[in-house]
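Shown next, in structure tokens, is the structure this report addresses.
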Amino acid sequence: MVSFSIKGDSMSEAHAIMEKLKIFTVAESLGGVESLTCHPTTMTHAAIPEAERHAAGVVDSLIRLSVGVEDAEDLIEDLKQALA
């Protein structure tokens, strides 16, 4: 599991990056052998009030990745192209 925030704390930018991913699949549950991604603010933590989410570090720009069994270089390249 890897979590990171996009500079500027933008929910729309986080969604745009996730949409550009080609190998990582958007999913709420991050259990599995394939590489998955989720946006906690709008998925797993959506019911938690904003102030509580932010206090816990779940900011609007947070993206979570669950790294699966795909080739590491392919995953790195996928992240690079999505962040470019």
Checklist entry - Among Ile63, Leu36, Leu75, which one satisfies side-chain contact (heavy atoms from CB on, under 4.5 Å) with Phe24? => result Leu75
Checklist entry - Hey, what do you get for NE2 (His54) to NE2 (His45), rounding to the nearest 0.5 Å? => result 11.5 Å
Checklist entry - Side chains of Val58 and Thr41: does their closest heavy-atom pair fall under 4.5 Å? => result yes
Checklist entry - Looking only at heavy atoms, what is the nearest atom pair of Gly57 and Leu62, with distance? => result O-CD2, 4.0 Å
Next on the checklist: In the structure I gave you, are the side-chain heavy atoms of Asp60 and Glu50 within less than 4.5 Å of one another anywhere?
Outcome noted: yes
Checklist entry - When rounded to the nearest 0.5 angstrom, what distance separates CD in Glu70 from CD1 in Ile76? => result 12.5 Å
Item to check | Distance in Å, Lys22 NZ paired with Ser35 OG, rounded so as to fall on 0.5 Å steps | outcome: 15.5 Å
Item to check | Hphob cluster co-occupancy, Val2 + Leu83, side-chain heavy atoms under 4.5 angstrom | outcome: yes
Item to check | Nearest atoms (heavy-atom pairs only) where Ser61 meets Ser10 | outcome: CB-N, 3.6 Å
Next on the checklist: Any heavy-atom pair between the side chains of Thr37 and Leu21 that's under 4.5 Å?
Outcome noted: yes
Item to check | Minimum-distance pair of heavy atoms, taken over all atoms of Ala27 and Cys38 | outcome: O-CB, 3.1 Å
Checklist entry - Do you know the tightest heavy-atom contact between Ile48 and Arg53? => result O-NH1, 2.6 Å
Checklist entry - Taking C-beta and beyond as the side chain, do Leu79 and Ile23 meet within less than 4.5 Å on heavy atoms? => result no
Next on the checklist: According to side-chain hydrogen bond (donor to acceptor under 3.5 Å, both in side chains), who are the partners of Arg64, at least two apart in sequence or on a separate chain?
Outcome noted: Ser3
Item to check | Qualifying residues under ring pair (Phe, Tyr, Trp, His ring centres under 6.0 Å), relative to His15, sequence neighbours excluded | outcome: His39
Checklist entry - Mind checking what makes side-chain hydrogen bond (donor to acceptor under 3.5 Å, both in side chains) contact with Ser66, not counting sequence neighbours? => result none
